[in-house]
Amino acid sequence: MKFNRYTRGAIVAYPFDEHGSVGLRYSDGRGLLRTSNGIPRSVVDRSDVADVTVILACITEDLDQAACSRRGVEAVP
């Protein structure tokens, strides 16, 4: 990832490991992915999909801060 944190709305993306994995969470620290009977599920609430999509586009397109900002994403070095 080009930046240490990407934020749009209540969604935050951050580098997870040295292999380029991306972590997703809410800005209040809660995990983004839901659980069912205590088992993590790879689901994102419909209301969060747009923010996640735009953030991931900034990451995959390797956009600079200005380009991310035009898409409503705050990118923090």
Side-chain angles (χ1 to χ4, degrees):
M1 287 177 53
K2 187 177 236 175
F3 300 101
N4 288 320
R5 188 179 72 228
Y6 294 79
T7 306
R8 184 171 192 256
I11 307 300
V12 176
Y14 56 93
F16 182 76
D17 62 22
E18 67 278 355
H19 303 291
S21 298
V22 175
L24 295 169
R25 63 173 173 79
Y26 289 105
S27 55
D28 65 5
R30 290 179 297 132
L32 181 64
L33 301 180
R34 295 180 10 191
T35 61
S36 175
N37 294 326
I39 301 169
R41 300 291 181 193
S42 299
V43 299
V44 176
D45 287 334
R46 181 182 174 96
S47 61
D48 298 326
V49 169
D51 290 338
V52 170
T53 302
V54 175
I55 289 170
L56 293 179
C58 286
I59 294 168
T60 59
E61 295 174 31
D62 204 28
L63 300 180
D64 62 20
Q65 281 182 301
C68 287
S69 182
R70 285 192 294 274
R71 293 184 180 192
V73 176
E74 178 187 4
V76 178

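Values reported hereafter were calculated over all heavy atoms of this structure, with side chains retained and with hydrogens, waters and symmetry mates removed.
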Compare all side-chain heavy atoms of R5 with those of P77 and state whether any distance is below 4.5 angstrom.
no
Please answer: with hydrophobic residues joined when any side-chain heavy atoms are less than 4.5 Å apart, are V22 and L63 in the same cluster?
no
So, the side chain of D28 versus the backbone of R30: is there a donor-acceptor pair under 3.5 Å, distance only?
yes
Rounded to the nearest 0.5 angstrom, the CZ-SG distance for F3 and C58 is 9.0 Å
Parallel, tilted or perpendicular: which fits the ring planes of Y14 and F16, with parallel below 30° and perpendicular above 60°?
tilted
About how many Å separate CD1 of I11 and OG1 of T53, when rounded to the nearest 0.5 Å?
10.5 Å
Measuring from atom CG of D64 to atom OG of S69, what distance do you get when rounded to the nearest 0.5 angstrom?
10.0 Å
Test side chain to side chain contact (heavy atoms under 4.5 Å, CB included) on V12 and T7; report intermediate values, then the result.
CA-CA 5 Å; V12 176; T7 306; 3.9 Å; yes
Can you confirm whether Y26 is buried at OH, in the sense that more than 12 heavy atoms of other residues, nucleotides or ligands lie under 6.0 Å from that atom?
yes
Do any N or O atoms from the side chain of N37 and from the backbone of I39 form a donor-acceptor pair under 3.5 angstrom?
no
I need the minimum non-hydrogen distance between I59 and A13, along with the two atoms involved.
CD1-CB, 4.1 Å
What's the verdict on side chain to side chain contact (heavy atoms under 4.5 Å, CB included) for I55 and V52, showing C-alpha distance, side-chain angles and the deciding distance?
CA-CA 5 Å; I55 289 170; V52 170; 5.9 Å; no
Derivation of the salt bridge (Lys or Arg N to Asp or Glu O under 4.0 Å) call for E61 and K2
CA-CA 10 Å; E61 295 174 31; K2 187 177 236 175; over 6 Å; no
In terms of heavy-atom contacts, A57 and R71 come closest through CB-NH1, 3.6 Å
Give a yes or no on whether L56 and V49 share a hydrophobic cluster (residues Ile, Leu, Val, Met, Phe, Trp, Tyr; joining criterion: side-chain heavy atoms under 4.5 Å apart).
yes
